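Please read the structure below before turning to the comments.
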Amino acid sequence: MERTFENWLVVSDIDGTLNNKLRRLPKRNYNAIKEFTERGGNFTLASGRLQSSLERNYNRITPNQPAIVLNGAGIYDYNKREMLWRNTIGEKGREFVKYISEEFDEIFKSVDIGVYFDDYVYIVNLSLIHI
């Protein structure tokens, strides 16, 4: 009797984990994912990328579950083409970002802040605005 994986979920990072250092998917990884999903396994990707940046990689393999995007702040379903879930940092998170940017800007000489939306990233230059 062949082992099946219906109750298994495997989630993989893409850059430097599933893909190699050249950002290419090794054939053995592709084959393992394909076999796993053909035997009932659930597979998807997790990334800090935006959904548009992850889409090409997502479509090259055989995932069968929505992907985790935006460093875990969203779950995107490529089949339905919609964000299923998202979570923002809220007021406490904004206060923490402000504290970090003020406290460590001198130490590191620059603290960049990225504001992520579903499919856009804005890099904030703290010398131009106040949070």
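Every value quoted in this text rests on a predicted model; they were computed, and no experiment measured them.
Within a 6.0 Å radius of CG in N59, more than 12 heavy atoms belonging to other residues, nucleotides or ligands are found.
Hydrophobic clustering keeps F5 apart from L9 (ILVMFWY residues linked when any side-chain heavy atoms are closer than 4.5 Å, directly or through intermediates). Linking Ile, Leu, Val, Met, Phe, Trp and Tyr residues whenever their side-chain heavy atoms come within less than 4.5 Å places V115 and Y120 in a single cluster.
Among residues two or more places apart in sequence or in another chain, the salt bridge (Lys or Arg N to Asp or Glu O under 4.0 Å) test is passed with E91 by R94. For the salt bridge (Lys or Arg N to Asp or Glu O under 4.0 Å) test, no residue two or more places apart in sequence or in another chain qualifies with E95.
To the nearest 0.5 Å, the span separating CD1 on I68 from CH2 on W85 amounts to 9.0 Å. For the atom pair CG of L84 and CD1 of I75, the computed distance is 7.0 Å after rounding to the nearest 0.5 Å. Atoms OH and CD, on Y76 and E82 in that order, are 8.0 Å from each other to the nearest 0.5 Å. Note that CD of E38 and OG1 of T62 are 7.0 Å apart. Values are rounded to the nearest 0.5 Å. Of the inter-residue distances, the one linking Y58 atom OH with Y78 atom OH reads 8.0 Å to the nearest 0.5 angstrom. The CZ atom of R60 sits 12.0 Å away from atom CG of L45, with the distance rounded to the nearest 0.5 Å.
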Identify every side-chain donor-acceptor pair in residues 46-54 under 3.5 Å, counting partners at least two apart or on other chains, and give the distances.
unit_1: S47; atom_1: OG; unit_2: R49; atom_2: N; d: 2.9
unit_1: R49; atom_1: NE; unit_2: D15; atom_2: OD2; d: 3.1
unit_1: R49; atom_1: NH1; unit_2: S53; atom_2: O; d: 3.0
unit_1: R49; atom_1: NH2; unit_2: D15; atom_2: OD1; d: 2.5
unit_1: R49; atom_1: NH2; unit_2: D15; atom_2: OD2; d: 3.3
unit_1: S52; atom_1: OG; unit_2: D119; atom_2: OD1; d: 2.6
unit_1: S52; atom_1: OG; unit_2: D119; atom_2: OD2; d: 3.4

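When all heavy atoms of S101 and I113 are compared, the pair lying nearest together is CB-CD1, 3.8 Å. The heavy-atom pair separating L70 from M83 by the smallest distance is CD1-CE, 4.1 Å. Listed here is the closest heavy atom pair of G41 and N64: O-ND2, 2.8 Å. When every heavy atom of N20 is checked against every heavy atom of L22, the shortest pair comes out as OD1-N, 2.9 Å. The nearest pair of heavy atoms linking R3 to W8 is NH2-CZ2, 3.1 Å. In terms of heavy atoms, L25 sits closest to L18 at CD1-CG, 3.6 Å.
Here the options are V11, I61, V10, the test is side chain to side chain contact (heavy atoms under 4.5 Å, CB included), and the partner is T44; only V11 passes.
Put simply, the side chain of T17 never gets that close to the backbone of I14: no donor and acceptor are under 3.5 Å apart.
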